[in-house]
Structure formats: C-alpha cells, structure tokens
Number of protein chains: 2
Amino acid sequence: MKPNDILQQHEVKKTLSRIALIKALQTSEQPLSENEIRDRMLDQYDRITFYRNVQTLSESGILHRIVIDNTHVKYALNCCEKEHHHAIDHVHFYCKECGKTVCLDEVPVQQYPLPDGFKLDECDVVIKGYCKDCPGNHNA
Amino acid sequence: MKPNDILQQHEVKKTLSRIALIKALQTSEQPLSENEIRDRMLDQYDRITFYRNVQTLSESGILHRIVIDNTHVKYALNCCEKEHHHAIDHVHFYCKECGKTVCLDEVPVQQYPLPDGFKLDECDVVIKGYCKDCPGNHNA
DNA sequence: GTAATTAATGAAACAATGTTTCAACTAAAG
DNA sequence: CTTTAGTTGAAACATTGTTTCATTAATTAC
Ligand SMILES: [Mn+2]
Ligand SMILES: [Mn+2]
Ligand SMILES: [Zn+2]
Ligand SMILES: [Zn+2]
C-alpha cells in the first residue's frame with residue numbers, strides 16, 4: 001500500500017517526512033530502530049520530527065513502537081487489516097545476538113489474571129532469545 | 001531477612017551502599033524507581049554506584065529490574081525462595097495513573113510458540129492499566 | 001590487630017533516547 | 001490565490017545509563 005493512501009486512510013496530513021518514514025519502514029520486513037530508519041530516510045530525516053511523527057502515526061494506528069528494553073526501541077508498520085488505535089495485540093521477539101526483531105502477528109498475547117479491582121489496558125510481551133541465524137551458544 | 005545475610009548468601013561483598021540499597025527496597029512492598037530509592041538512601045546514594053550495584057546484585061539474583069517502558073524502570077528484591085539468576089518468571093503490573101508497580105509473583109509468564117529454529121531465553125510481560133486505588137476513567 | 005590483596009566507590013565526561021518551546025513553513029480548505 | 005491550522009526544525013533541556021581512572025573500603029593472610 002502506498003504511503004500516501006495509508007496517511008489519507010488514517011486522516012493525517014500527507015507530509016514529506018511522514019511519507020519518507022513510512023517508505024523507510026516498508027523497505028524492511030522487520031521492525032527498525034531509529035538509526036536504521038534514519039539511514040533509510042537520508043536527508044529527509046530530522047530527529048525531532050521523527051519522534052513527533054512516531055507519536056502522531058502511532059496514535060492514528062499506522063505504526064507501533066516496540067520497547068525491547070530501556071535502550072532499544074523498534075518501530076513497525078501495523079498490518080493494513082488491523083486498525084486498533086494503541087492496542088498491540090501480538091507478541092514480539094528480539095534476538096539477543098543480532099538484534100533482529102520480529103512481530104509475531106499470529107501469536108496473540110494471552111490473558112493474565114489480575115488482582116481484584118485492577119483494570120487492564122494493554123499488555124506488552126517481549127520474548128528475548130536467539131533467532132535461527134544466530135547460534136547463541138553463549139554458555140555451551 | 002537482613003541485608004547482610006542476603007549479601008553473604010549470594011556471595012557478594014557486603015558494602016555500605018549495597019546494604020543501603022537493599023534496606024531501601026525493603027521499606028517498600030512494591031518495586032521502586034531510582035528516584036524513590038535515592039530518597040530512601042539519603043547520603044548513601046551515588047548514581048554511578050547505584051547502577052553498578054543494580055547490575056551486580058541483579059546478576060547474583062538478589063534483585064530484578066522491571067522495564068515498564070523506555071523511560072520508566074523499577075527495581076525490586078527477589079523473593080527469598082527463588083534464586084534464579086536472571087530469569088524473571090512472573091508478570092508485572094503498572095498503573096498508568098499513579099505509577100504503582102506490582103510484582104505478580106503468583107502469575108507465571110505463559111509459553112508462546114516461536115518460529116522454527118528460534119530459541120527462547122527470557123520473556124518479559126508487563127501489564128499496564130489502573131490499580132484499584134485509581135479510577136482511570138480516562139475515556140468515560 | 002596489622003598488612004597485603006582485591007574489589008568497590010565516586011568524580012568527570014560521555015552516550016542514547018526523547019521532550020519542550022517557538023518562529024518559520026507547508027498542506028489542505030475555501 | 002488566500003487563509004488557516006497543523007507541521008517542521010533549531011536550540012536547549014531531561015532522563016537513564018556507561019566508561020575511565022584514581023582513591024577508598026572490604027576481605028584474606030599473617
Ligand atoms: Mn509488532
Ligand atoms: Mn517482579
Ligand atoms: Zn539473530
Ligand atoms: Zn494506581
């Protein structure tokens with residue numbers, strides 16, 4: 001789907017930096033870090049604008065943030081089908097060796113019991129391990 | 001259990017700043033942020049030492065870090081019973097209104113299917129919502 | 001208890017991620 | 001084309017965390 005159409009469909013203004021951001025994410029099968037996106041946006045990249053657009057586009061349901069840990073954050077386009085506003089309903093995988101991150105779109109987060117009176121809003125699940133391209137025999 | 005005994009049992013040096021850190025965490029039922037710990041450590045607090053001790057004590061199984069998101073991290077003592085080295089086997093809850101964080105020690109993280117060849121190392125589950133003391137009627 | 005050894009501490013400087021303010025600019029609507 | 005409301009980018013700042021290295025404290029050997 002074309003960046004222009006995605007923006008129009010979600011009713012946010014079509015600007016050059018947003019189009020470049022969406023294009024950058026479309027060049028990859030996997031979620032990307034800010035630096036990986038910067039490298040793909042070339043001169044259309046500005047840090048402040050990037051962070052603002054991440055917020056706007058994530059609120060409008062175009063993309064989602066994946067917090068691996070406090071120092072690693074990835075960004076991915078949402079599946080075109082789903083238009084949830086901020087609910088990430090699937091699990092994420094992170095390879096501790098190569099850093100590759102995968103949206104496991106087919107793996108829904110499970111329901112966990114909460115103490116009485118507690119209300120659930122969202123549930124983040126990040127699985128860390130080693131992808132099939134990485135041996136990861138770190139203790140063998 | 002006394003800080004001194006905890007440190008001895010896990011075979012790390014008994015220093016003033018480590019004892020003060022453990023004491024600080026023991027004053028609270030819930031996980032604490034760095035600032036909340038600082039306020040409880042008074043003049044025994046130093047940022048660099050704090051971060052180094054968090055690393056050492058977490059590697060030795062005395063405490064664990066809870067990454068709520070990239071800007072909110074909490075710290076909690078491990079249950080005395082369990083001596084897992086870095087495996088957090090339980091789910092965490094975070095109240096979006098008051099920031100209170102709860103170790104749901106009785107709620108184990110569930111098993112999720114991974115793509116072929118992928119190896120699991122750890123799985124972080126953070127549930128965000130509203131605790132029983134917070135209405136959280138943010139859209140009602 | 002004292003000396004020797006080994007690890008921990010704290011100052012300074014830095015790094016990564018993200019935010020706020022505000023003037024200039026651009027996209028969308030009329 | 002003009003207006004207007006939203007977007008951009010510069011500067012400065014905030015938070016979380018690390019690295020280096022000289023000094024200091026904790027443990028071990030005597
Ligand atoms: Mn995803
Ligand atoms: Mn916990
Ligand atoms: Zn890998
Ligand atoms: Zn609350």
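Keep in mind the model is a prediction, meaning the values are calculated, not measured. In what follows, chains carry the letters A, B, and so on, assigned in the order in which the sequence lines appear, proteins first and then strands, with residues in each chain numbered from 1.
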Chain B footprint on DNA chain C, 5' to 3' - any atom under 4.0 Å from a heavy atom: dT6(C) to dG18(C)
From SG (Cys131(A)) to NZ (Lys119(B)), nearest 0.5 Å: 10.0 Å
Phosphate-side-chain proximity, Asn70(A) and dG17(D), N/O vs OP1/OP2 below 4.0 Å: yes
For DNA chain C, the residues among residues 17-39 of chain B that have a non-hydrogen atom under 4.0 Å from it: Ser17(B), Arg18(B)
Salt bridge present between Arg65(B) and Asp69(A) (N-O < 4.0 angstrom): no
Distance, rounded to the nearest Å, where Gln55(A) contributes CD and dT7(D) contributes C1': 14 Å
Tyr51(B) side chain near dG17(D) phosphate (N/O to OP1/OP2, under 4.0 Å): yes
Set of residues satisfying side chain to side chain donor-acceptor pair (under 3.5 Å) with respect to Gln44(A), sequence neighbours excluded: none
Polar side-chain atom of Arg40(A) near backbone of Leu25(A) as donor-acceptor pair, under 3.5 Å: no
Qualifying residues under salt bridge (Lys or Arg N to Asp or Glu O under 4.0 Å), relative to Lys128(A), sequence neighbours excluded: Asp124(B)
Nucleic acid footprint by protein, nucleotides 21-30 of chain D - heavy-atom cut-off 4.0 Å, B for base, S for sugar-phosphate alone: -----BS---
Sequence-distant partners of Ile48(A), side chain to side chain contact (heavy atoms under 4.5 Å, CB included), two or more places apart: Asp46(A), Arg52(A)
Terminal axes of the helix from dG1(C)-dC30(D) to dA27(C)-dT4(D) (five pairs each): angle between them, nearest 10 degrees: 40°
Test: Glu34(B) and Lys74(B) ion pair at under 4.0 Å: no
Gly61(A) backbone acceptor or donor facing Asn78(A) side chain under 3.5 Å: yes
Whole-Å distance separating the CZ atom of Arg47(B) from the P atom of dT18(D): 10 Å
Residue mapping more 5' on DNA chain C - nearest nucleotide basis, Thr56(B) or Thr71(B): Thr56(B)
Of Gln44(A) and Phe50(B), the one whose closest DNA chain D nucleotide lies more 5': Gln44(A)
Interatomic distance where CE belongs to Met41(A) and C1' belongs to dG9(D) [whole Å]: 13 Å
Results of ring pair (Phe, Tyr, Trp, His ring centres under 6.0 Å) for Phe50(B) - residues two or more places apart only: Tyr75(B)
Residues that Arg38(B) engages under salt bridge (Lys or Arg N to Asp or Glu O under 4.0 Å), provided they are two or more places apart: none
Connected-component partners of Leu42(A) among ILVMFWY, side-chain separation under 4.5 Å: none
Whichever hydrophobic residues join Val91(B) through chains of side-chain contacts under 4.5 Å: Val91(A), Phe93(A), Val102(A), Leu104(A), Val107(A), Val109(A), Tyr112(A), Leu114(A), Phe118(A), Leu120(A), Val125(A), Ile127(A), Phe93(B), Val102(B), Leu104(B), Val107(B), Val109(B), Tyr112(B), Leu114(B), Phe118(B), Leu120(B), Val125(B), Ile127(B)
Cluster companions of Tyr94(A) among Ile, Leu, Val, Met, Phe, Trp, Tyr (side-chain spacing under 4.5 Å): Ile66(A), Ile68(A), Val126(A)
